[in-house]
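Encoded as structure tokens, the structure appears first; notes follow it.
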2 protein chains.
Amino acid sequence: MQIGELAKRTGCESETIRYYEREGLLPAPARSSSGYRRYEQPHLEQLAFILHCRSLGMPLADIRLLAGFHQQPAAEPCDRVNALIDQQISRVHSQIEALQKLEIQLQQLRARCDSPHTLADCGILKTLDDAATGEACACHDAS
Amino acid sequence: MQIGELAKRTGCESETIRYYEREGLLPAPARSSSGYRRYEQPHLEQLAFILHCRSLGMPLADIRLLAGFHQQPAAEPCDRVNALIDQQISRVHSQIEALQKLEIQLQQLRARCDSPHTLADCGILKTLDDAATGEACACHDAS
DNA sequence: TGCAAACCCTGTAGCTACTATAAGGTCAAG
DNA sequence: CTTGACCTTATAGTAGCTACAGGGTTTGCA
């Protein structure tokens with residue numbers, strides 16, 4: 001199949017497929033006489049593997065490693081696979097924690113301006129300005 | 001003060017300060033005879049304002065807008081300020097939700113390989129492979 | 001046969017918010 | 001007078017694409 005059909009079947013844009021090839025995540029496929037890429041079933045599976053990992057937020061470098069484990073002797077222990085997943089879990093977990101703190105801070109800032117004001121009276125701008133002059137701010141000090 | 005001292009006082013690297021100037025977030029300061037940037041108190045406050053907004057995860061484009069409200073007539077209503085904060089809250093909120101789903105999926109994937117295995121037996125790799133061939137996967141179908 | 005639409009190709013630049021480097025100028029202390 | 005710490009600009013790199021520009025190919029239709 002051509003790149004466009006692979007794209008349609010996987011829901012991944014052609015340009016992204018070419019990008020994965022450049023990045024060494026997808027093997028370069030055979031070419032037609034006019035230079036068009038010709039993909040077979042294994043390419044589709046490899047791409048689906050990549051997209052599935054991406055949907056789990058894995059970085060491309062990790063996916064490259066994961067994909068590499070297929071080429072290794074099957075008797076090798078899989079602890080490095082587990083380590084990659086564990087890393088990803090802890091990355092995601094700490095992002096969640098950081099964002100939750102952020103949300104609280106933003107809510108506190110937002111509460112400074114609950115009714116319509118002018119710019120001069122806006123509690124939000126005032127709070128941001130106060131923070132800029134070194135004073136305590138609702139968003140960061142209330143924690 | 002020179003850029004290095006501004007950097008030290010704000011905890012922001014000199015290169016980042018120059019970057020903010022290029023991006024139009026900080027006004028270009030006066031220069032010494034040898035071309036060194038000379039900052040005054042207002043620059044410090046403006047930079048602190050920017051950094052405070054950044055610590056709330058606001059994109060630079062929004063901070064540019066927020067900073068612009070200082071130059072506008074103080075009698076203007078502040079609803080656009082509120083809108084920016086609300087946008088940021090909803091961005092952060094949906095990021096949290098997406099990451100929480102992700103974490104669940106990753107935990108489910110991780111549970112596929114709880115004891116030491118070989119690559120051939122690794123439930124994680126197997127699950128990822130199954131997904132690539134179109135089968136149901138523990139991480140995405142269990143939701 | 002001619003032409004247009006829908007494909008495909010490569011190469012390059014853009015996005016966010018920095019960070020890092022190279023290659024050089026300036027300034028104060030010893 | 002030299003050393004080291006500062007400063008300057010310009011450029012390239014980071015992640016993971018996305019969006020061109022400028023061309024070639026293929027297919028279908030009149």
Side-chain angles (χ1 to χ4, degrees), chain A residues 1-26 28-40 43 46-47 49-67 84 87-88 91-92 95 98-99 102, chain B residues 1-26 28-40 43 46-47 49-67 84 87-88 91-92 95 98-99 102:
Chain A
M1 79 196 92
Q2 294 187 166
I3 197 170
E5 197 185 335
L6 181 59
K8 204 176 299 171
R9 284 212 215 170
T10 55
C12 175
E13 303 225 354
S14 301
E15 321 228 297
T16 306
I17 296 172
R18 284 191 280 257
Y19 171 71
Y20 288 159
E21 182 183 325
R22 276 202 304 284
E23 292 299 304
L25 285 152
L26 271 177
R31 299 284 185 130
S32 74
S33 58
S34 57
Y36 288 14
R37 287 171 180 82
R38 294 235 154 269
Y39 293 100
E40 309 295 334
H43 292 105
Q46 174 85 350
L47 179 55
F49 178 89
I50 295 169
L51 294 175
H52 189 231
C53 292
R54 283 297 297 138
S55 80
L56 293 169
M58 310 277 300
L60 295 184
D62 286 7
I63 298 173
R64 219 187 315 261
L65 290 177
L66 278 179
L84 284 179
Q87 261 176 44
Q88 176 65 6
R91 262 195 304 259
V92 167
Q95 276 176 36
L99 286 170
L102 219 52
Chain B
M1 81 195 90
Q2 293 190 166
I3 198 170
E5 198 186 335
L6 181 60
K8 205 176 298 168
R9 284 212 216 169
T10 55
C12 175
E13 303 224 355
S14 302
E15 322 228 298
T16 306
I17 296 173
R18 283 190 280 257
Y19 171 71
Y20 288 159
E21 182 183 325
R22 276 201 305 282
E23 292 297 304
L25 285 153
L26 271 177
R31 298 286 184 129
S32 75
S33 58
S34 57
Y36 287 16
R37 289 172 179 82
R38 293 234 154 272
Y39 293 99
E40 309 296 334
H43 291 104
Q46 174 85 349
L47 180 54
F49 178 90
I50 296 168
L51 293 175
H52 189 230
C53 292
R54 283 296 298 136
S55 79
L56 293 168
M58 310 275 302
L60 294 186
D62 287 7
I63 299 174
R64 220 187 314 260
L65 290 177
L66 278 179
L84 285 178
Q87 262 178 43
Q88 175 66 6
R91 261 196 306 260
V92 167
Q95 276 176 36
L99 287 170
L102 218 53

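The sequence lines fix the lettering, A, B, ..., with proteins before strands; numbering per chain opens at 1.
- A close approach under 4.0 Å does not occur between any side-chain nitrogen or oxygen of Ser34(A) and OP1 or OP2 of dC9(C).
- Computed from coordinates, the Glu15(B) CD to dT8(D) P distance equals 10 Å when rounded to whole Å.
- If you check dT26(D), dC17(D), dC9(C) against the side chain of Ser33(A), the one that comes closest is dT26(D).
- Ile17(B) has its CD1 atom 12 Å from the P atom of dT19(C), to the nearest Å.
- In this structure, the CD atom of Glu23(B) is 9 Å from the P atom of dC15(C), given to the nearest Å.
- For the pair Tyr19(B) OH and dC18(C) C1', the interatomic distance rounds to 6 Å; values are reported in whole Å.
- The side chain of Arg22(A) approaches dT18(D) more closely than any other nucleotide in the set dC8(C), dT18(D), dC9(C).
- Under the 4.5 Å side-chain criterion, counting only non-hydrogen atoms from C-beta, Tyr39(A) is in contact with Ile17(A).
- Considering only the side chain of Arg31(A), dT10(C) comes nearest among dT26(D), dT10(C), dA17(C).
- For the pair Gln95(A) (side chain) and Leu99(B) (backbone), a donor-acceptor distance under 3.5 Å is absent.
- Phosphate contact (OP1/OP2 of dC9(C), side-chain N/O of Arg18(A), threshold under 4.0 Å): present.
- Between Ser32(A) and Gly57(A), the residue anchored closer to the 5' end of DNA chain D is Gly57(A), taking for each the nucleotide with the nearest heavy atom.
- Between the Gln46(A) side chain and the Leu25(A) main chain, a donor and an acceptor come within less than 3.5 Å of each other.
- Separating the CD atom of Glu13(A) from the P atom of dC20(D) is a distance of 12 Å, rounded to the nearest angstrom.
- One finds no side-chain N or O of Arg38(B) lying less than 4.0 angstrom from the OP1 or OP2 phosphate oxygen of dC7(D).
- Counting only heavy atoms from C-beta on, Ile3(A) has its side chain closest to dC9(C) among dT8(D), dC17(D), dC9(C).
- What separates OH of Tyr39(A) from C1' of dC9(C) is a distance of 12 Å, to the nearest Å.
- Remark: side-chain polar atoms of His52(A) are not paired, donor with acceptor, to backbone N or O of Phe49(A) under 3.5 angstrom.
- Between Lys8(A) atom NZ and dC8(C) atom C1' there is a gap of 14 Å when expressed in whole angstrom units.
- Note: CG (Leu60(A)) to P (dT14(D)) measures 13 Å, nearest angstrom.
- When each of dT19(C), dC18(C), dC7(D) is scored by its nearest atom to the side-chain atoms of Tyr20(B), the top-ranked nucleotide is dC18(C).
- Judged by distance alone, with hydrogens and angles left aside, Tyr36(A) brings a side-chain donor or acceptor within reach of the base of dG24(D), the pair sitting under 3.5 Å.
- Applying the 4.0 Å criterion to OP1 and OP2 of dA17(C), one finds that Thr16(B) has every side-chain N and O outside that range.
- Put simply, CZ on Arg38(B) and OG on Ser33(B) are 8.5 Å apart, with the number rounded to the nearest 0.5 Å.
- For the pair Arg37(A) and dC9(C), the criterion of a side-chain N or O lying under 4.0 Å from OP1 or OP2 is met.
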